[in-house]
Every structure is written in structure tokens, then in C-alpha cells.
There are 2 protein chains.
Amino acid sequence: MELARATNRSVRLRNRSALLSRLFLDGPLTRQDLMRSTGLSQPAISNVVSDLIGEGLVVEAGVAESDGGRPSMMLRVAPRFAFVIGVDVGETLVRVELFDLAMTVLARAGYPLDPARTEPATVAGHVLAGIDAVTTQARVSCADVLGVGIGVSGVVEQGTEAVVHAQALGWDRVPLERLIRSGTDLPLHIDNGANTLGQAEMWFGAGRGARHAVFALVGSGVGAALMTNGVAYRGASSSAGEWGHTTLVYGGRTCRCGARGCLEAYVGAEAIIDRYQEAHGGRAVPGGDEESRIAALVEAAASSPTARRVLEETAGYLGAGVANLINLFNPERVVLGGWTAMALGGLLPAIREAAGRQALRQPYEQASIELCRLGVDAVALGAATLPVARLLATGGLRPTVDNHHR
Amino acid sequence: MELARATNRSVRLRNRSALLSRLFLDGPLTRQDLMRSTGLSQPAISNVVSDLIGEGLVVEAGVAESDGGRPSMMLRVAPRFAFVIGVDVGETLVRVELFDLAMTVLARAGYPLDPARTEPATVAGHVLAGIDAVTTQARVSCADVLGVGIGVSGVVEQGTEAVVHAQALGWDRVPLERLIRSGTDLPLHIDNGANTLGQAEMWFGAGRGARHAVFALVGSGVGAALMTNGVAYRGASSSAGEWGHTTLVYGGRTCRCGARGCLEAYVGAEAIIDRYQEAHGGRAVPGGDEESRIAALVEAAASSPTARRVLEETAGYLGAGVANLINLFNPERVVLGGWTAMALGGLLPAIREAAGRQALRQPYEQASIELCRLGVDAVALGAATLPVARLLATGGLRPTVDNHHR
DNA sequence: ACAGCTTAATTAATGTCGTCATTAAAGTGG
DNA sequence: CCACTTTAATGACGACATTAATTAAGCTGT
């Protein structure tokens with residue numbers, strides 16, 4: 001199982017990684033805090049920290065209050081030690097953002113996509129243009145960029161090179177990594193948008209502190225990110241979490257994936273609109289795009305019993321879907337996100353109740369069901385955490401032997 | 001995330017654990033094999049191995065073939081270094097088995113349960129009696145028993161003391177660990193029977209070599225064991241894998257758990273019998289217990305179109321349930337077990353086909369769907385692997401400081 | 001049968017790294 | 001300015017793995 005041999009160096013590596021992670025995730029801490037939370041001895045902490053400071057990864061940031069005794073020095077990850085870029089390849093927009101290590105946005109760029117023809121090459125071009133745009137805009141050298149995280153709304157098969165299957169974009173086996181690679185040397189991390197969003201919520205949002213959490217995303221499509229033992233679970237070929245296409249109504253409505261009775265065929269935005277239309281005698285929901293029509297539907301629920309009933313049914317389906325997640329994963333937390341779920345925020349009590357009806361008592365009581373905190377824009381933020389996660393995991397050591405950078 | 005500090009000792013610990021695990025799981029190996037598979041240097045291997053041999057954990061077992069050059073020495077875990085006990089607390093029987101470290105059965109004991117009144121104290125008594133029986137029968141001292149693994153058909157909440165919720169036995173919050181603890185000092189490992197069975201298949205059966213696998217068990221009840229990254233995933237309160245109570249037919253048949261449309265309400269043994277009876281105009285399936293009635297039904301399918309249809313429908317439901325597992329977990333392998341699934345073995349092609357209809361293409365193609373190899377008796381074997389897993393994880397060092405045992 | 005070759009295992013020297021114990025530093029309060 | 005307290009830095013020590021060099025133990029062919 002464990003294939004990595006342990007050597008004396010790996011001890012240092014692990015400890016560096018542990019300290020750096022604590023500092024990154026839990027803000028400024030003193031050496032004493034680190035000592036308590038990692039269990040390492042004082043000299044070891046000081047030793048590692050002095051390395052990290054020497055390399056510019058960590059900086060001292062003021063002194064802590066003290067009532068008697070030498071006050072301890074606050075330590076934090078140097079915000080400008082390096083930068084990361086997060087990209088959100090959505091169905092209608094490619095958004096590129098540049099962050100420092102405090103995850104503050106320094107620059108943004110956006111490129112609308114024509115849903116009719118979303119050529120992979122076009123998207124790759126947008127990503128490369130965005131990288132260029134945000135770095136020049138913020139006057140950041142590419143040499144100081146740790147890497148580029150890219151969240152794509154589709155299945156991302158990780159291999160030697162990430163390959164993307166995105167039904168919504170009409171992509172099948174698109175070698176997105178290779179396409180982007182041809183225009184930049186920056187390290188690339190491509191992942192499912194649901195996973196990157198989940199990662200953002202896990203580190204900075206509703207998932208903080210949870211060990212096992214599920215991020216259930218309902219937008220045009222329906223998906224989920226599974227966090228087990230604090231990290232994303234991706235499965236054998238990185239497609240785990242395809243919650244939207246689990247069967248909830250055996251033999252039910254036909255889903256756009258071809259199967260019948262998928263959850264997405266009941267609670268995806270399009271499905272909700274369709275169901276309302278059917279219930280309403282064929283009359284369509286007013287409004288232009290899906291997003292405004294869902295908003296209109298939610299508003300109409302105040303006066304229209306039909307709209308209300310459709311939304312209540314939606315809560316029932318969604319609750320059952322959440323119950324399935326709870327029964328299978330036994331998470332501490334289920335976080336609902338995605339723009340449709342956000343628009344349906346008022347249904348949360350009904351969803352909870354429906355989940356309670358369908359889930360087993362014991363796991364249901366262990367799980368809290370909440371709304372996400374960061375909004376849908378967090379896909380890029382979450383993507384940007386991917387290179388950061390790598391930095392933390394490697395203890396801040398660049399993979400190759402270019403340790404001369406300081 | 002990682003709370004364990006790394007120290008120089010932990011290096012040795014990890015390497016011991018890695019070597020021991022390789023030796024246990026992949027049979028006799030040479031020092032050279034270990035060197036290649038772990039990446040450690042030759043002297044390090046020799047050093048650790050000589051410790052292990054000195055402590056009696058490992059023995060040399062003959063020499064390997066050689067065509068020129070000094071032949072290497074085969075090494076293996078000493079079968080009689082220690083013993084483990086596995087217990088299967090089923091719904092009708094408590095089975096206790098004693099194994100050596102080669103996982104050879106040395107002694108067995110069985111205690112039928114009266115399903116009407118399965119008092120926790122009675123079960124605990126049977127377990128204790130069984131421990132006594134198998135150790136005396138095989139003339140093994142309790143001091144040489146590493147621990148007792150117990151697989152229970154119910155949710156096992158791990159805490160300071162394992163607490164069992166077993167609907168089928170009418171148990172709620174039963175402090176089984178405390179009950180057994182009062183009669184023995186042996187280390188106890190209590191877990192869900194599905195998990196222990198999955199563990200057995202993972203190490204010795206259909207799961208060998210898989211990193212991510214799901215063991216789907218269909219018997220009277222329906223459950224699953226989830227193996228992620230080679231180990232059981234238990235979730236926040238150890239109830240992960242409650243596949244049987246996920247909703248497959250929204251608003252469908254009422255399940256014994258109280259919810260509606262659970263998978264178990266369609267493919268559990270009782271449900272199949274009920275569905276046949278309904279389809280057959282109320283006439284019951286002949287036969288005594290569930291097991292023989294399912295067998296009768298399978299046999300009847302050769303001549304009765306009704307029976308055939310019921311079984312085909314069952315394959316459809318089961319396939320959809322498997323598809324849900326595939327979509328959510330993206331496993332390399334789905335292994336079907338449990339006595340009902342075994343009886344329905346002939347349906348495997350139909351189940352595969354149904355799963356293919358409902359699952360997404362990409363994850364479906366990545367997953368193989370197979371029958372289990374070890375049979376239902378493997379619950380005790382799997383339970384017995386729990387103390388072994390602990391031994392391997394700790395590198396063969398007893399937790400307390402009693403290293404003077406050799 | 002014995003040199004000559006190959007592969008396996010052990011020994012020796014080196015270097016990394018965390019721990020314990022001790023010392024230096026940097027505050028507060030009387 | 002001197003006790004007292006808490007934080008940080010040193011130095012001796014021991015645990016371990018690594019590389020390089022030896023020794024051990026078998027084959028092969030003349």
C-alpha cells in the first residue's frame with residue numbers, strides 16, 4: 001500500500017509540510033502554537049522555521065501579546081513568496097484570476113464563450129491569454145507563479161496528461177493539458193470544477209474543519225465533490241462524484257445522459273423548468289436564460305401553487321439525493337452549492353426534512369446539511385488552491401533541484 | 001491534516017511496516033524483492049529484516065532459484081509468531097475461528113442464535129466461549145493471540161468503545177465492546193460484517209490488487225463496503241456504505257427502515273420473495289427459510305415466466321444500484337457478494353448490462369463487475385484480518401513497551 | 001577442480017535530523 | 001535594577017538510511 005520509502009530526509013520534508021500547512025491554513029501562529037499542534041520539540045520547530053524564513057517562505061509578522069515572559073513571534077506564510085493562478089472554465093465563461101499566497105485576488109480576466117462552438121483550442125487560447133493578462137496586469141513574473149489550477153465543468157481524467165470529457169461543452173477526450181502546455185511552461189493542475197469548488201469551500205468556506213464532507217452542486221448540471229480524510233477523493237479515473245447521474249427514480253424521466261431517472265433529470269435547472277412547464281399545462285417559465293427563469297420560478301412560488309408544488313417536489317428529490325450521499329458516505333457535513341441550489345436556498349429546511357425521511361437515523365444525525373459560503377465564483381479560487389496544495393505537500397521545496405532560488 | 005509529527009524513529013516504524021506488509025500480503029519474498037518494491041537500500045532492508053527475524057516475526061524460508069550468483073534467501077512472516085481470532089456475529093449464528101498468521105484456520109466454534117431473542121449478553125457470552133473454545137482446542141495461549149476481530153451485521157459506531165446498532169438483531173446502541181471486554185483482555189476490533197467481508201476479499205479474494213473497490217453485499221439485507229486507496233472507508237461515524245437504504249425508486253415500496261424506495265426494498269431476499277408473490281397473484285414461494293425460497297425461485301425461473309420476470313427485474317434494480325456505486329465512487333472493481341447475490345450469480349450478465357444502461361460510459365468502462373470469490377464464510381476471516389492489519393500498521397511492534405517478548 | 005563471473009548480503013564511513021538539557025534573550029512587576 | 005517567567009537558540013547525543021567497499025555463495029567452462 002505505502003510505496004514511499006522513508007528516509008531521514010523525508011522526516012524533514014514531512015515536518016516542513018506540516019508546519020507550512022498549519023501556517024497557511026490557520027493564519028499567523030507562534031512557534032509555540034506550532035509546537036503544541038504538531039507535537040514537535042521546540043528546537044525542531046525553530047530549526048525548520050529558520051529554514052523556511054531563510055528561503056523566504058515564511059515571515060515574522062509582529063509579536064504576540066504577553067503578560068510576563070518573552071513575547072512570542074507571530075509567523076505566517078509570506079504572501080508574496082509566490083503567486084498562483086486559478087482558472088474557471090465554465091460553460092459560458094473562462095475566468096482567470098491571479099492570487100498571492102494569502103489568496104488575495106491581484107488581477108482578473110474573463111473571456112465569454114460562445115456555447116454554440118466551444119472549441120478546445122479556443123478555450124486553451126483564452127486560458128493562455130488570461131495567464132498573460134493577469135500576470136502583466138499585476139506585474140508578476142511568471143517565474144514567481146507556482147502553477148495554474150484549472151477547474152473544468154466535466155470529467156477530468158488524470159494521467160500523464162489530463163484529458164477532459166465535458167458533455168456540456170461537447171468535449172470528448174480533449175487533451176486540454178497538452179493544448180495549454182504548448183503555450184506555457186507553468187505547472188498545470190486540471191480538475192473537475194466541482195472538485196475545485198469543494199476544495200475552496202473545504203479550506204475557506206463551509207467545509208472548514210470537516211474531515212469527511214460532500215459538496216453537492218446543483219446548477220445546470222448536478223455533481224458532487226467528495227472529501228474524505230480532508231482531501232478530495234477522485235476514484236480510479238478521476239470521475240468520482242457523479243451524483244447527478246445516479247438513479248433516483250428507477251425508470252423515470254429520461255436524462256440528457258441517456259439513462260432514465262437520474263437525479264439531474266429532476267433537480268437540474270433545466271429539469272426544474274421542464275417539470276414546471278409540464279405541471280403548468282405546457283406554458284413556459286418566463287425569462288431568458290435558465291438562471292433568470294429559475295429566479296422567476298422561485299419568485300412565482302409566493303403566488304402560484306403550481307410553482308410552489310414544483311419547488312416542494314424538487315426539495316423532495318434533492319433531499320432524497322442528499323440522503324443517498326449521507327447513507328453511502330456518512331459525512332460530517334453536506335454542503336449545497338451551485339447556482340440553482342443557491343437560488344433554492346429557501347428550500348433548505350424542506351430539503352433537510354426530506355433527507356431525514358429517506359436517510360438512516362444514525363448517519364443523518366451525524367451530518368449537518370448547509371449551504372455553501374463562497375458562491376459559485378469560488379471555482380477559480382479552488383483551482384488556485386491546487387498548486388498551493390502541492391506547495392504545502394512538498395514542504396515548499398520546488399520539485400526539481402532549483403533550491404538556489406533564494 | 002497530518003497531525004503526526006515525524007521523528008527519526010518513525011522512519012524505522014514506517015519501513016518495518018512497509019516490509020512486513022509486503023511480506024504478509026505477497027507471500028515469500030527475497031531481500032532483493034523487498035529492495036525493489038520498497039525502494040530502500042540493501043543495507044536498510046537487511047537491517048530491518050534482521051530485527052524482524054530477531055523478534056521472531058519473520059523467518060527465512062528456503063532459497064530462491066538462481067542461475068549464476070548467490071541465491072537469495074526467501075523470507076516470510078512467521079506463521080506461528082502470533083494468532084488471531086475472527087468472529088462472525090450473523091443473524092442466526094455466532095462463528096468463531098482461530099487463525100495463524102498464514103491465515104490458516106486452526107480451530108472453529110459455532111453457536112446458533114435464536115432469532116427471536118438475540119440478547120447482547122448472550123452474543124457476548126458466545127463470543128467469549130468461542131475464544132476459550134478455539135484457543136484450548138488448538139492449544140494456543142491467549143498471550144499469543146494478537147486480538148479478536150468481530151464482524152457484526154449492523155452499524156458499528158467506533159468511539160472509545162464500539163457501539164452496535166443492528167436492526168436485524170433488534171439492537172440499538174448496544175455496547176458490545178464493553179460486554180465482551182468484561183470477559184477478556186484481548187484487543188478487540190469490532191466492525192461491520194460487510195466491511196470485514198470486504199477486507200477479506202480485498203486481501204485474499206476478488207479485490208486483490210485493486211486500489212478502489214466496492215463490495216456490494218446482498219443477503220437478507222443489502223450493504224456495501226467501500227475500499228478507497230486500499231483501505232476501508234468508514235466515514236464520520238463508521239456507517240458509510242449503507243447502500244441498501246439509498247433511494248432507487250423515489251416514492252416506491254416501503255422498506256423495513258421506514259423510508260420508501262430503498263434498494264433493499266427491491267433486491268433484498270425478502271423483497272424478492274415478496275415481489276414474486278405479488279406478481280404471482282399472492283401465492284407464496286414454496287420453501288422454508290429465505291435462503292431455500294430464493295433457491296427455489298431461481299430454480300423455478302427455468303419453467304415459470306413469472307419467476308423469470310421477477311428475477312430479470314431484480315437484475316435491473318441491482319444493476320441500477322451498482323451503476324450508482326460506479327458513478328459515485330468510480331471504482332476499479334465492483335464485487336458482488338452475500339448469499340442472495342451468490343444465488344443470483346446467473347444474473348451477472350443481466351446485472352452488468354443494466355449497470356451499463358444506467359452508469360456513465362467513462363466510469364462504467366473503468367469498472368469490472370464480478371462475483372466474490374470467498375463466499376459468505378469469509379466474514380470471520382475478514383474480521384481476523386483486523387488485528388493483523390494493526391500488526392502490519394505498527395510494524396509488528398506491540399503498542400505498549402513490551403518489546404522484551406523475544 | 002579451479003579460475004572467472006554474477007548476484008546476494010554485510011560492514012564501514014558519512015550525513016541528516018529530532019530530542020533532551022542548557023543557555024541566551026526578552027519581556028513584566030515590584 | 002533585580003527577581004520571575006516565557007520564548008528562542010545551542011550543543012551533545014542517538015537513531016537511521018545512504019553510498020561505497022567487502023565478503024559470501026553460488027554458477028560455468030575449460
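Naming: A, B, ... by sequence-line order, numbering from 1 per chain. Both backbone and side-chain heavy atoms feed into the values below; hydrogens, waters and symmetry mates do not.
In this structure, the CG atom of B:Asn47 is 12 Å from the P atom of D:dA15, given to the nearest Å. For the pair A:Arg12 CZ and D:dA17 C1', the computed distance is 16 Å after rounding to whole Å. Atoms CG (B:Asp33) and C1' (C:dT7) sit 13 Å apart, rounded to a whole Å. What separates CG of B:Leu397 from C1' of D:dA15 is a distance of 14 Å, to the nearest Å. Distance A:Arg70 CZ to D:dT6 C1': 9 Å, rounded to the nearest Å. In this entry the distance linking CZ of A:Arg9 with P of C:dT16 reads 6 Å, nearest Å. Look at CZ on A:Arg31: it is 12 Å from P on C:dA26, rounded to the nearest Å. At whole-Å resolution of the value, CE in B:Met73 and C1' in C:dT10 are 14 Å apart.
Contact annotation: B:Ser46 side-chain N/O to C:dT10 OP1/OP2 distance is under 4.0 Å. Contact annotation: B:Asn15 reaches the phosphate of D:dA17 (side-chain N/O to OP1 or OP2, under 4.0 Å).
The main-chain N or O of A:Gly39 is never found under 3.5 Å from a side-chain atom of A:Arg36 such that the two would form a donor-acceptor pair.
A salt bridge is absent between B:Arg333 and B:Glu201: the closest approach of a Lys/Arg side-chain nitrogen to an acidic carboxylate oxygen does not fall below 4.0 angstrom. Checked for salt-bridge contact, A:Arg22 and A:Asp33 miss the test: no charged N lies under 4.0 Å from a carboxylate O. Between B:Arg80 and B:Asp144 there is no salt bridge, since none of the side-chain N atoms of the basic residue sits less than 4.0 Å from a carboxylate O of the acidic one.
Between A:His212 and B:Tyr233, the ring planes lie perpendicular to each other; the angle is over 60°, past the 30° to 60° tilted range.
The distance from atom OG of A:Ser46 to atom CE of A:Met73, rounded to the nearest 0.5 Å, is 11.5 Å.
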Would you tabulate the pairs of protein nitrogen or oxygen atoms and nucleotide nitrogen or oxygen atoms of nucleotides 19-23 of chain C closer than 3.5 angstrom?
{"residue": "C:dT19", "atom": "OP1", "partner": "B:Arg5", "partner atom": "NH1", "Å": "2.6"}
{"residue": "C:dT19", "atom": "OP2", "partner": "A:Ser41", "partner atom": "N", "Å": "3.1"}
{"residue": "C:dT19", "atom": "OP2", "partner": "A:Ser41", "partner atom": "OG", "Å": "2.3"}

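Residues A:Val63 and A:Leu13 both approach DNA chain C. Their nearest nucleotides, taken by heavy-atom distance, put A:Leu13 toward the 5′ side.
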